[in-house]
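First the structure, in the form of structure tokens, and then the observations on it.
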Protein chains: 2
Amino acid sequence: MKEILRAHIEEIVQLTDDEFARVLPHFIPKTFKKHQIVVHQDDLVKYNFFILKGLMKSARITSDGKEHIMQFAMENWWITDLEAFHNGTNSKFTIDCLEDTTTYVITLESKLKLCQELPKMEHFFHVKTTAGYIALQKRVLCFISSKAQDRYHNLLEQDPMLIQRVPKVMIASFLGVSRETLSRFTP
Amino acid sequence: MKEILRAHIEEIVQLTDDEFARVLPHFIPKTFKKHQIVVHQDDLVKYNFFILKGLMKSARITSDGKEHIMQFAMENWWITDLEAFHNGTNSKFTIDCLEDTTTYVITLESKLKLCQELPKMEHFFHVKTTAGYIALQKRVLCFISSKAQDRYHNLLEQDPMLIQRVPKVMIASFLGVSRETLSRFTP
DNA sequence: GGAAATACAGGACAATTGTCACAGATATGA
DNA sequence: TCATATCTGTGACAATTGTCCTGTATTTCC
């Protein structure tokens, strides 16, 4: 539990027992059930979620009533609407659980305070955000340079487990194609 | 010149004269001519570029010989291949100048040292990376939820000046559509 | 266990986009 | 200034993808 969080942070920055003791109180453990919604589209976003076990997704419903999946997050990943979380604006996305999920969550206030108290932690979050930036950039590159079929095969290589844990409708939504089109690639 | 850099940083964190005097030496002024290449695809990436004046782009040539534009960067924007810059790997992109361009550049070593010396600067870069993450997320959302025409009109609203400074072939490449398709939207 | 919801595949047709070819307009550089 | 790139628009056709539909497993939940 707390060991997982510590190990996750220490992949980036080393912490003394004392330092980790100051970090931990900022994180609140929360568990959710499958199908439970943790952020509603157009609502405020209280938390950034670190997933210990389980699977969540963030998705936007557009005016035509269709759901577009922005992100999946599994064990050791973070998920939130980063823009809304940081700016205190309304969420562009709904975030919900595809499986029963246990998390640590942190508020913006806690995060800012933690970063001021412990510059190491600002470095940690900075590195994490950079990794997210790089992942998004790869996804954009896929969109501008590959056709749907190649994007699917690319995802298969990149995240083979995801395909198994998530129904294909959602994979299609994540890739920006219709379910039927995705079907054409997978005999 | 240095005033622009300082103002840019102070949009995020306040600096004393003394602090800025410690920041400035880490930045190297460099000027480039139109069409000049500052990062070659598959080479190492020495710098992160902060643009004082001018316009650059980063783009990847895929195996079919086509150029796919990842990013444009104008005044007060940063540009580099962030993944290659941070990991010391080979660049996925070529970065070149669409206009004569004057910049401040910073090496990874300087950036890391600066962040250690002045936690404020780590916060500054963290905020900048977060902004980049949010921008990329919007772009991904466009790809999964809009058709080409809507993506174009969205870009028109978002960055009207860009359309004027950049040929449409490149706008098309940035949007991930052919030049001819883009032509169909612009009567 | 059984009803209801969800997941998946496939066919037929329409809409969107890519490709190729050609032509005129504009910018660029010696 | 003039020759040469580069940029842009357009039409015809092919390829890709979306939409609507039907039918069948499979899962979920009381």
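Sequence lines set the chain letters: A, B, ... in the order given, protein chains first and strands last, and positions in each chain run from 1.
Atom-to-atom, CG of A/Asp100 to C1' of D/dT28 comes out at 13 Å; the value is rounded to the nearest Å. Protein atom NZ of B/Lys33 is 10 Å distant from nucleotide atom P of C/dG29, rounded to whole Å. Counting to the nearest Å, the C1' atom of C/dA9 and the CG atom of A/Leu182 are 11 Å from each other. Rounded to an integer number of Å, the gap from B/Arg179 CZ to C/dT16 P is 21 Å. Spacing between atom CZ of A/Phe143 and atom C1' of D/dT17 amounts to 14 Å, rounded to whole angstrom units. Look at CG on B/Asp150: it is 15 Å from C1' on D/dG18, rounded to the nearest Å. If you measure from atom NZ of B/Lys147 to atom P of D/dT19, you get 6 Å, rounded to the nearest angstrom. Atom pair B/His35:NE2 and D/dT6:P shows a separation of 8 Å (rounding to whole Å applied).
Each of A/Glu180 and A/Ala148 was matched to the nucleotide of DNA chain D holding its nearest heavy atom; the match closer to the 5' end belongs to A/Ala148.
Taking the six-membered ring for Trp and the full ring otherwise, the centers of A/Tyr104 and A/His26 sit at least 6.0 Å from each other. If you look at B/Trp78 and B/Phe85, their ring centroids are not closer than 6.0 Å.
Within residues 164-175 of chain B, the residues that have a heavy atom under 4.0 Å from DNA chain D are, in order of number, B/Pro167, B/Lys168, B/Val169.
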Stepwise salt bridge (Lys or Arg N to Asp or Glu O under 4.0 Å) check, B/Arg165 with B/Glu75: CA-CA 12 Å; B/Arg165 283 170 86 172; B/Glu75 288 76 15; 3.0 Å; yes
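When only modelled atom types and interatomic distance are considered, A/His68 and A/Thr62 share a side-chain donor-acceptor pair under 3.5 Å.
The side chain of B/Phe185 has C/dT17 as its nearest neighbour among C/dT17, C/dG10, D/dT17. Side-chain proximity of A/Thr181 to D/dG18, C/dA9, D/dT10: nearest is D/dG18.
A donor and an acceptor atom never sit less than 3.5 Å apart when one is taken from the side chain of B/Arg184 and the other from the base of D/dG9.
Using a 4.5 Å heavy-atom cutoff, the side chains of A/Phe124 and A/Lys120 are not in contact.
Between A/Lys34 and D/dT28 there is a side-chain polar atom (N or O) within less than 4.0 angstrom of OP1 or OP2. Distances shorter than 4.0 Å separate some side-chain N or O of A/Thr186 from OP1 or OP2 on C/dA9. When the side-chain nitrogen and oxygen atoms of A/Lys66 are compared with OP1 and OP2 of D/dT19, one or more of them lie within a distance under 4.0 Å.
Taking the charged nitrogens against the carboxylate oxygens, A/Asp17 and A/Arg6 do have a contact shorter than 4.0 Å, which makes a salt bridge. Taking a cutoff of 4.0 Å between a charged side-chain nitrogen and a carboxylate oxygen, B/Lys138 and A/Glu83 qualify as a salt bridge.
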